[in-house]
K.L.:
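Okay, handing you the structure first.
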Amino acid sequence: MENKVKINSKNLVVIPQGIDKLLSLKKSLTFQLNNVLGATIDNEILNESKGIKDGGTNISGYYAGTFIKSNRKSFFNVKKSSTAVVIELTNENYNQLVIGVDNPRELVDQINNLVAINSK
Amino acid sequence: MGRRKSFNESEVLNKMSMVFIQYGFEGTSLDLLVNATGLLRGSLYAAFGSKLGMFIAALKENINHRKDSFGTTYLVIIAMMELVSTNVEVKQIVLNWYHTKPQADIELTLGRALLNKSGLLGGIDDGKQS
């Protein structure tokens with residue numbers, strides 16, 4: 001089951017599915033919309049080294065938890081078979097989120113339009 | 001985005017422009033941009049926010065500094081084909097570009113660029129549009 005993403009007037013909320021018990025993660029991750037810099041469909045990011053695992057799992061074909069690479073902290077919750085969406089953040093606990101969602105194109109378009117409107 | 005940048009932005013934007021012109025927006029992967037610029041994926045995301053942010057920066061750079069080049073027109077065509085209908089910022093940039101020229105010139109510019117890019121008439125793409 002893919003992550004749920006909810007966007008309201010102020011926040012972007014990610015509700016991870018499937019790993020919360022395994023990793024004793026919070027039930028949801030909330031980020032200020034003003035701190036979201038953009039979203040991209042980027043499946044090839046899963047082929048790169050994810051960096052050092054800081055809690056989380058890396059079982060074959062499934063990446064979940066926190067990874068640190070080149071001073072950047074990433075939250076992963078994505079299956080290799082999913083379409084990976086990368087959400088870039090600033091002034092948050094994470095530099096980026098790499099997640100699988102049900103409607104990647106719609107989510108990416110929605111986020112990038114909000115970024116365009118917020119940056120005006 | 002107001003982030004610290006440890007690279008020559010104009011040079012990076014030129015390299016990214018070439019990739020977008022060759023592959024279009026959808027066809028351009030982050031791996032292609034990483035390879036073309038020699039920068040880390042994380043550095044590109046930190047500087048531009050997203051692949052769309054990279055395209056927008058490349059488009060603006062070309063419109064501002066090489067307004068009448070084929071490269072600029074190619075990027076405008078890619079924006080029109082792939083992004084104007086889905087992103088408000090790209091739409092505004094292309095509308096602004098559109099309003100800088102008389103309509104007849106726009107049609108000629110777009111048509112010439114398309115014919116040139118296709119190679120249909122055996123022309124040489126020298127990057128200049130006159």
Side-chain angles (χ1 to χ4, degrees), chain A residues 12 31-52 63 66-76 78 83-92 94-99 103-120, chain B residues 1-7 9 13 16 19-20 23-60 78-97:
Chain A
L12 180 140
F31 307 99
Q32 279 188 43
L33 221 43
N34 287 339
N35 292 339
V36 176
L37 298 182
T40 306
I41 290 176
D42 184 5
N43 289 321
E44 293 160 325
I45 197 170
L46 301 179
N47 302 331
E48 276 196 346
S49 143
K50 280 138 210 81
I52 297 161
Y63 312 102
T66 300
F67 293 79
I68 294 169
K69 181 183 177 185
S70 309
N71 284 324
R72 282 168 53 84
K73 195 170 169 187
S74 303
F75 173 79
F76 277 77
V78 62
T83 298
V85 172
V86 178
I87 301 173
E88 181 73 13
L89 304 167
T90 185
N91 300 321
E92 293 283 359
Y94 291 103
N95 296 98
Q96 66 179 10
L97 314 174
V98 184
I99 56 175
N103 301 302
R105 276 178 195 281
E106 287 84 346
L107 179 67
V108 165
D109 285 348
Q110 186 187 6
I111 290 174
N112 286 332
N113 274 305
L114 288 169
V115 168
I117 293 161
N118 280 344
S119 65
K120 275 180 186 164
Chain B
M1 292 296 161
R3 297 290 196 88
R4 275 183 296 118
K5 296 189 182 83
S6 56
F7 52 81
E9 187 170 353
L13 291 175
M16 294 200 297
V19 177
F20 283 122
Y23 297 97
F25 181 76
E26 284 293 332
T28 292
S29 65
L30 254 292
D31 275 8
L32 287 169
L33 294 167
V34 166
N35 290 338
T37 59
L39 295 172
L40 294 172
R41 198 181 220 87
S43 305
L44 287 176
Y45 277 132
F48 300 103
S50 63
K51 183 174 84 169
L52 182 67
M54 297 170 210
F55 181 85
I56 287 173
L59 179 62
K60 283 182 174 169
I78 291 166
M80 285 174 155
M81 296 287 287
E82 302 187 51
L83 294 164
V84 162
S85 65
T86 54
N87 187 267
V88 291
E89 186 174 3
V90 176
K91 184 178 182 181
Q92 194 56 53
I93 294 166
V94 174
L95 261 182
N96 290 345
W97 172 86

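Fair warning: this is a prediction, and the values are worked out from it, not measured in the lab. The chains referred to below are lettered A, B, ... by the order of the sequence lines, with proteins before strands, and numbering in each begins at 1.
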K.L.:
Atom NZ in A/Lys69, atom CG in B/Leu40: separation rounded to 0.5 Å?
P.N.:
7.0 Å

K.L.:
Restricting to non-hydrogen atoms, name the atom on A/Thr40 and the atom on B/Leu30 that form the minimum distance, rounded to 0.1 Å.
P.N.:
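Scanning both residues completely, I find the closest heavy atoms to be CG2-CD2, 3.8 Å.
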
K.L.:
Could you tell me the separation between the CZ atom of B/Arg41 and the CZ atom of A/Arg72, rounded to the nearest 0.5 Å?
P.N.:
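Between B/Arg41 CZ and A/Arg72 CZ, I get 11.0 Å after rounding to 0.5 Å.
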
K.L.:
Measure A/Ile87 against the heavy atoms of chain B and call it side chain, backbone, both or neither at under 4.5 Å.
P.N.:
neither

K.L.:
Measure the spacing between CG of A/Asn112 and CZ of B/Phe55 and express it to the nearest 0.5 Å.
P.N.:
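Interatomic distance, A/Asn112 CG to B/Phe55 CZ, rounded to 0.5 Å: 13.0 Å.
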
K.L.:
Counting only heavy atoms from other residues, nucleotides and ligands, does the tally under 6.0 Å from CG of B/Asn96 exceed 12?
P.N.:
yes

K.L.:
If you look at every heavy atom in B/Ser50 and A/Ala39, which pair is closest and at what distance?
P.N.:
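In terms of heavy atoms, the two residues are closest at CB-O, 3.4 Å.
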
K.L.:
Show your reasoning for whether side chain to side chain contact (heavy atoms under 4.5 Å, CB included) applies to B/Val88 and A/Ile117.
P.N.:
CA-CA 8 Å; B/Val88 291; A/Ile117 293 161; 4.3 Å; yes

K.L.:
Give a yes or no on this: more than 12 heavy atoms of other residues, nucleotides or ligands lie within 6.0 Å of atom CG of B/Leu95.
P.N.:
yes

K.L.:
Kindly give the heavy-atom pair with the smallest separation between B/Ala46 and A/Glu88, and that separation in Å.
P.N.:
CA-OE2, 3.4 Å

K.L.:
With a cut-off of 6.0 Å (strictly less than), are more than 12 heavy atoms of other residues, nucleotides or ligands near NZ of B/Lys91?
P.N.:
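Check fails, neighbour count at 12 or below.
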
K.L.:
If you round to the nearest 0.5 Å, how far is CD of A/Glu44 from CG of B/Leu32?
P.N.:
7.0 Å

